[in-house]
Structures are given as C-alpha cells and as structure tokens.
Undergrad: 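Below you will find the structure I want to go over with you.
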Amino acid sequence: MPIPIVNSIASWFLKKRFHQIELFLKYPNEVQHELLFSLLDKAKDTEVGREFEFSSIKTYREFASRVPISSYEDYEPKIERSRLGENNIFWPKPIRWFAKSSGTTNAKSKFIPVSEDALEDCHYAASKDLLCMYLNNNEDSQLFTGKSLRLGGSKELYKENGTVFGDLSAILIDNMPFWAEFSSTPSSKVSLMDDWETKMAAIVNETINENVTSLAGVPSWMLVLLNNVLDKTDKKNILEVWPNLEVYFHGGVSFNPYIEQYRNILPKNDFKFYEIYNASEGFFAIQDHNYSSDLLLMLDYGIFYEFIPMDTYGTLEEKVIPLSEVELNKNYAVIITTNAGLWRYKIGDTLRFVSISPYRIKVSGRTKHHINVFGEELIIENAEDALKSVCKKTQTEIVDYTAAPIFMKDKEKGAHEWLIEFKTPPKDINYFNELFDNALKALNSDYEAKRYNNMTLNQPKIHIARERLFYDWLKQEGKLGGQHKVPRLSNTRDYMDVLLKIN
C-alpha cells in the first residue's frame with residue numbers, strides 16, 4: 001500500500017481517536033469517575049466484588065473506605081487460583097494470560113493477570129495511540145516504508161493448567177494481529193527465543209538487511225543490540241546500517257544515563273526519541289509531543305488511578321488520594337485499579353505531576369529503590385539527573401550503576417557508595433565525584449542538608465566497575481533480557497556487597 005494512503009488512513013483513525021482523547025483532556029476527573037464505576041459494575045458478581053459489595057458502592061469515598069490497598073503478596077493466593085484455571089475471582093471474564101515479571105533482580109517472580117480487556121483496551125490501544133500521536137506530530141514521516149525493530153524480554157510462553165505465562169512482550173507478540181508481523185522485525189520466532197545471547201545474535205543477523213524505520217525497547221538492552229549491530233557490520237553509526245531510521249520508542253528505565261550514547265550512534269539532528277510508560281500491569285502514559293520530556297497520563301485505558309504522597313508512604317499517616325487531588329511536583333506512589341482485576345494495587349512506581357491541565361507526569365523512581373537511611377530521601381530521578389549533568393561536563397558515558405548506603409559505625413559517619421560501569425571513564429574520578437556530589441546537593445535539599453559540613457553524610461564513595469560486570473551478574477542470576485533491570489538505589493547492601501566481590 002502506498003505510504004500517502006497509509007498515512008491518510010492513520011490520520012483518519014487519529015481524528016476519530018482525538019475526540020476521545022479530547023474528552024479526558026477536558027473532563028479528566030469525570031472520565032476517571034465513570035471508568036471506576038464501570039469497572040465496579042463489571043466485577044460486581046466476582047468473588048472480590050461480592051466480598052466488598054461492589055454493587056452497593058455509590059461514591060469514590062465508599063470505594064476507598066471499603067476496598068483495601070493491596071500488594072502482590074496480598075493478591076498472590078487469588079492469582080495462583082486463577083492460574084490453576086479458576087474463573088470469576090477478581091475479573092468476570094476468564095484470565096488466560098499471566099505476565100511473568102520480577103521488575104529488578106528479585107528471585108521471586110510475579111504473575112500479573114492480563115485479561116482480554118487489558119490486551120485490547122489498554123496495551124494494544126496504547127500502541128495505536130502512540131503511532132497516531134507520532135504521525136500527527138510528524139506529517140512527513142516515512143515510518144511505514146519500513147519495519148519496526150522490536151526488542152522485548154520475550155521468553156517462550158509456558159502453558160500450565162490451560163493458562164499461559166511468559167514475559168508481557170511474549171504475550172503481546174503471541175496475540176498481535178497477523179498483519180502486524182509484516183511491519184515488525186525480527187520475526188516472532190526469533191523474538192520468542194528463550195536464550196538471550198542466542199536471540200541477540202539471531203536478531204542482528206535477521207535485521208541488518210531490513211529497512212528499519214523505528215526502534216522499540218528498553219534503552220539499556222537496545223544499546224547492547226545496537227552496539228552488536230555496529231560490530232557485526234563494521235559501521236561507525238546506526239544510520240549507516242538503517243539510513244531511514246527516524247524514531248526510537250523507549251521505556252522501562254530512565255533514558256538519561258544513555259541519551260548521549262544514543263546521540264553518538266544516531267547522529268541526526270532531527271532524530272526523534274519518544275518515551276512510553278508501561279509495565280506488566282498496564283500502559284499508563286505516552287510522550288505526545290516531539291522533543292518533550294513529559295508524558296501524558298492516559299485516562300481511558302481501563303485503569304483508575306490513585307496516589308500516595310511519598311512523605312506519608314508506609315507511615316501511620318499514609319494518605320491515599322484520587323487524581324483530582326494531586327499537586328504539582330510532589331512525589332507520589334502509584335495505585336491502580338484495572339480491567340484485569342487488580343483492585344487498588346501498588347505497582348511500586350513513583351511519579352510527579354508537572355502539569356494538572358492536562359495531567360502530565362515524569363516517572364521518578366520506585367517505592368523500594370531509593371536511599372533514605374539518613375533522612376536524605378535520594379530517589380532515582382535525582383541520581384539520573386545528576387549523572388547526566390556530570391557525564392556531559394566530564395565527557396564520560398555510563399553503561400550501568402548501582403548505589404547503597406555505607407552505614408554509620410562507631411564514630412564513623414555514613415555515606416553513599418556507588419558502583420559505576422563506564423563506557424568512557426572519567427579522566428579524574430575524584431573530580432567526577434566532586435561534581436556528582438555537588439549536583440546531588442543542587443537537586444535534593446535533604447541530601448544537601450545531610451552533607452552540610454559532613455554533618456551526617458561523608459562525600460560519596462565511587463568504585464569503577466570492570467567491563468561487563470552488571471551483564472555478567474545478570475547472566476549469573478539468570479536475568480538477562482529486556483524485562484530485567486539492575487537495581488539503581490537500595491536501602492540495603494544486599495546487591496552492593498555481592499557486586500563488589502565479583503568486581
């Protein structure tokens with residue numbers, strides 16, 4: 001089909017969809033309220049619906065007071081029953097698919113329910129919206145002249161008791177319409193290969209002669225793939241391999257530590273980077289403008305949002321609020337109720353709102369991945385922004401990193417210990433450390449107060465990690481692949497002590 005016709009069809013879908021998007025942009029809280037009661041009505045005759053008497057809930061306050069906040073541990077017994085084939089527990093339609101997720105390198109896997117409604121009305125709807133928004137912002141796009149190179153953490157789908165579990169990307173690939181296969185590379189057969197290193201080589205071999213116009217995947221793992229492509233082809237940059245490449249759709253981890261490396265291997269001034277915010281539990285937000293760092297919170301994907309201010313999170317004063325009560329630039333933990341039967345579920349992410357008309361967000365980190373041993377409240381967003389700034393000043397590039405506290409002992413003050421693997425290391429690590437410390441102070445007033453005159457915290461301690469340390473560690477743990485991430489910040493030394501031993 002000629003590209004102008006394809007773009008015209010996409011524009012028609014876009015205009016049709018924009019009416020719905022305009023509705024939640026104009027009436028966000030009303031759309032969310034209506035969605036909540038639609039979910040309650042659908043699930044009123046489920047086991048959970050009868051337990052909490054969904055049919056008699058008339059207001060948000062009743063919902064909030066009657067249905068408890070839940071974690072995966074709370075949900076696990078019900079999910080296990082559902083995986084064994086039992087129906088109508090937390091969602092009226094049978095749940096056939098479960099996304100296996102560990103998020104970071106925790107040994108215990110989670111099995112997140114993925115309903116038909118979640119597949120169609122959330123994950124696939126978001127993919128269409130992302131393309132429509134991109135084409136709306138780039139009318140001269142040649143996206144459909146070539147293929148999208150997708151890099152998921154896909155493993156084979158394993159069938160158990162009539163239900164199926166695997167990485168979310170495997171579930172999406174396994175269920176996508178047949179025509180989507182023609183616009184994507186590598187083939188489903190290669191995408192679903194189990195062994196990560198074998199799959200990586202197969203992807204390179206299968207894609208280097210394709211006309212790739214877009215990339216989609218987690219930044220850290222996509223960078224590994226692109227560097228393998230350069231090694232295989234002996235080219236200086238990726239545009240020499242795929243000259244028509246115009247956009248990279250990324251998500252999963254912060255892009256900040258990697259952006260300069262991407263700009264180096266994609267040397268094109270108008271190359272587009274589009275961020276998405278999704279997880280096994282759902283698709284939440286989309287970058288809807290070129291060159292923006294904000295994400296539009298999508299309010300009609302079958303997900304009802306609530307938030308816990310992080311200054312009360314995990315305390316006796318913990319307070320849960322609906323979307324209508326959020327404030328700008330406060331850090332919140334995210335609570336979701338979904339069309340896959342997750343009710344008031346903590347996903348473990350934190351975000352802040354940079355706009356409330358419309359609701360635009362920036363992902364700031366994870367509820368479990370921060371350092372607050374000394375009252376410094378250091379979050380991933382602080383670390384990423386500080387590292388990005390210092391790397392630019394020192395002309396360094398980072399592959400991966402992790403950080404942990406050095407606990408006070410006897411009369412010794414505490415500190416933060418950082419283990420950083422560089423692609424291009426700093427000429428002077430002490431100067432890098434000084435700049436980094438100052439950048440963290442500028443970004444985080446609590447950290448600055450604890451560092452004042454070394455009152456509570458000494459200067460950070462930075463170790464340079466050997467080449468491939470984090471890759472080797474993930475491989476050793478059986479955690480290679482796009483679904484698995486190195487834990488950035490931790491309140492314990494569990495990861496740090498192991499990594500330092502093998503460094």
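These numbers come from the heavy atoms of this one structure, side chains and all, not from hydrogens, waters or symmetry mates. Treat the numbers as computed from the prediction; the structure is a model and nothing was measured.
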Undergrad: State, yes or no, whether a side-chain contact exists between Leu226 and Leu215 at a heavy-atom distance under 4.5 Å.
TA: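 Contact flag for Leu226/Leu215 side chains = yes.
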Undergrad: Kindly write out the residues that satisfy side-chain hydrogen bond (donor to acceptor under 3.5 Å, both in side chains) with Tyr75, not counting sequence neighbours, or none if the list is empty.
TA: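 Checked Tyr75 against side-chain hydrogen bond (donor to acceptor under 3.5 Å, both in side chains); zero matches.
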Undergrad: Would Tyr305 and Tyr359 count as a close aromatic pair, with their ring centres under 6.0 Å?
TA: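 Centroid separation for Tyr305 and Tyr359: 6.0 Å or greater.
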Undergrad: Are the side chains of Ile95 and Phe90 in contact, using a 4.5 Å heavy-atom criterion?
TA: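 Heavy-atom side-chain distance check passes, below 4.5 Å.
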Undergrad: So Trp473 and Val498, do their side chains get closer than 4.5 Å, heavy atoms only?
TA: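 Side-chain contact under 4.5 Å: yes.
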Undergrad: Could you check whether Asp437 pairs with Lys441 (Lys NZ or Arg NE/NH1/NH2 to Asp/Glu carboxylate O, under 4.0 Å)?
TA: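 Answer for the salt bridge query: yes.
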Undergrad: Mind listing the closest non-hydrogen atom pair of Ser191 and Arg150 along with its distance?
TA: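 Minimum heavy-atom contact is OG-NE, 3.3 Å.
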Undergrad: Check whether any side-chain N or O of Asp300 sits under 3.5 Å from a backbone N or O of Ile21 as a donor-acceptor pair, and report yes or no.
TA: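 No, Asp300 side chain to Ile21 backbone: no donor-acceptor pair under 3.5 Å.
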Undergrad: Strictly under 6.0 Å, is that where the ring centroids of Phe436 and Trp418 end up?
TA: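 Yes, they do, as the ring centres are separated by less than 6.0 Å.
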Undergrad: Please check if the side chain of Thr402 supplies one atom and the backbone of Pro487 the other of a donor-acceptor pair under 3.5 Å.
TA: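 It does hold such a pair.
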Undergrad: How are the rings of Phe37 and His33 set to each other: parallel, tilted or perpendicular (split at 30° and 60°)?
TA: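 Tilted: the ring planes of Phe37 and His33 meet at 30° to 60°.
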Undergrad: Does a donor on one side chain sit under 3.5 Å from an acceptor on the other, for Asn372 and Asn491?
TA: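 There is no such pair (donor and acceptor under 3.5 Å, judged by atom type) between the side chains of Asn372 and Asn491.
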Undergrad: Got Tyr447 and Asn382 here, is their nearest side-chain heavy-atom distance under 4.5 Å?
TA: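 In short, these two side chains do not touch, never coming nearer than 4.5 Å.
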Undergrad: So do the side chains of Gln287 and Tyr277 get within less than 4.5 Å of each other, counting heavy atoms only?
TA: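 Answer no - side chains too far apart.
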Undergrad: Indicate yes or no for a side-chain donor-acceptor contact from Glu318 to the backbone of Gly314 under 3.5 Å, with no hydrogens or angles considered.
TA: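 Answer holds: yes.
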Undergrad: Can you check whether Ala404's main-chain N or O pairs, donor with acceptor, with Ser490's side chain at less than 3.5 Å?
TA: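 No, the answer is negative, given that no donor and acceptor are paired below the 3.5 Å cut-off.
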Undergrad: Among Glu306, Glu327, Arg352, find the one that has a side-chain contact (heavy atoms from CB on, under 4.5 Å) with Tyr332.
TA: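 Result: among Glu306, Glu327, Arg352, Glu327 is the only option passing the side-chain contact (heavy atoms from CB on, under 4.5 Å) with Tyr332.
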Undergrad: Relative to the ring of Phe273, is the ring of Tyr262 parallel (under 30°), tilted (30 to 60°) or perpendicular (over 60°)?
TA: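 Perpendicular, since the angle between the ring planes exceeds 60°.
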Undergrad: Can you name the salt bridge (Lys or Arg N to Asp or Glu O under 4.0 Å) partners of Glu417, sequence neighbours left out?
TA: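 Applying salt bridge (Lys or Arg N to Asp or Glu O under 4.0 Å) to Glu417 gives Arg493.
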Undergrad: Can Glu325 and Lys330 be counted as an ion pair, charged N to O under 4.0 angstrom?
TA: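 No salt bridge links Glu325 with Lys330.
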Undergrad: Could you work out, with salt bridge (Lys or Arg N to Asp or Glu O under 4.0 Å) as the rule, every residue matching Asp74, not counting sequence neighbours?
TA: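 Here no residue qualifies.
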Undergrad: Could you tell me whether the side chains of Arg66 and Ser56 share a donor-acceptor contact shorter than 3.5 Å?
TA: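 The answer is yes; a qualifying pair exists.
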Undergrad: Quick one: sort the Phe307 and Phe353 rings into parallel, tilted or perpendicular, breaks at 30° and 60°.
TA: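 Rings of Phe307 and Phe353: perpendicular, over 60°.
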Undergrad: Who are the salt bridge (Lys or Arg N to Asp or Glu O under 4.0 Å) partners of Glu47, not counting sequence neighbours?
TA: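 So Glu47 forms a salt bridge (Lys or Arg N to Asp or Glu O under 4.0 Å) with Arg81.
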Undergrad: Less than 4.5 Å apart, side chain to side chain, heavy atoms only: is that true for Ile203 and Leu151?
TA: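 Touching, per the 4.5 Å side-chain cut-off.
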Undergrad: Using side-chain heavy atoms (C-beta onward) and a distance below 4.5 Å, is Met133 in contact with Leu296?
TA: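 Yes, side chains in contact.
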Undergrad: Partners of Ala340 by side-chain contact (heavy atoms from CB on, under 4.5 Å), sequence neighbours excluded?
TA: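 Partners of Ala340 by the side-chain contact (heavy atoms from CB on, under 4.5 Å) criterion, ordered by chain and then number, come out as Ser115, Ala118, Thr338.
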Undergrad: My understanding is that only residues two or more places apart in sequence, or in another chain, count here; which of them pass salt bridge (Lys or Arg N to Asp or Glu O under 4.0 Å) with Lys475?
TA: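 Only Glu197 meet the salt bridge (Lys or Arg N to Asp or Glu O under 4.0 Å) criterion with Lys475.
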Undergrad: Within the 4.5 Å heavy-atom criterion, are Phe24 and Gln32 side-chain neighbours or not?
TA: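 No, their side chains stay 4.5 Å or more apart.
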Undergrad: Taking side-chain hydrogen bond (donor to acceptor under 3.5 Å, both in side chains) as the definition, give me every residue that meets it alongside Ser38, ordered by chain and number, with sequence neighbours left out.
TA: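 Ser38 satisfies side-chain hydrogen bond (donor to acceptor under 3.5 Å, both in side chains) with no residue once adjacent residues are dropped.
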Undergrad: For His250, check ring-ring contact (aromatic ring centres under 6.0 Å, His included) against everything at least two apart and list the hits.
TA: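 Scan of His250 (ring-ring contact (aromatic ring centres under 6.0 Å, His included), adjacent residues dropped) gives Tyr248, Phe255.
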Undergrad: Residues two or more places apart in sequence or in another chain: which of them pass side-chain hydrogen bond (donor to acceptor under 3.5 Å, both in side chains) with Asp472?
TA: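 Testing Asp472 for side-chain hydrogen bond (donor to acceptor under 3.5 Å, both in side chains), a comparison that skips the adjacent residues, returns Arg466.
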Undergrad: With salt bridge (Lys or Arg N to Asp or Glu O under 4.0 Å) as the rule and sequence neighbours excluded, what pairs involving residues 273-286 come up?
TA: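 Sorted result for residues 273-286: empty, none.
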Undergrad: Heavy atoms only: give me the nearest Ala465-Leu469 pair and the separation to one decimal.
TA: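 Smallest interatomic distance, heavy atoms only, reads CB-CD2, 3.6 Å.
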Undergrad: Taking side-chain hydrogen bond (donor to acceptor under 3.5 Å, both in side chains) as the test, write out the residues that go with Tyr274, two or more places apart.
TA: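 Asn137, Asn290.
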Undergrad: Rounded to the nearest 0.5 Å, what separation is found between the CD1 atom of Ile79 and the CZ atom of Phe111?
TA: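 Taking CD1 in Ile79 and CZ in Phe111, the distance rounds to 10.0 Å.
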Undergrad: Return the minimal non-hydrogen interatomic distance between Ser71 and Tyr345, and the atom names on each side.
TA: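 In terms of heavy atoms, the two residues are closest at C-CE1, 3.8 Å.
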Undergrad: What pairs with Val224 under side-chain contact (heavy atoms from CB on, under 4.5 Å), at least two apart in sequence or on another chain?
TA: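 For Val224, the residues satisfying side-chain contact (heavy atoms from CB on, under 4.5 Å) (neighbours in sequence not counted) are Met200, Trp221, Asn228.
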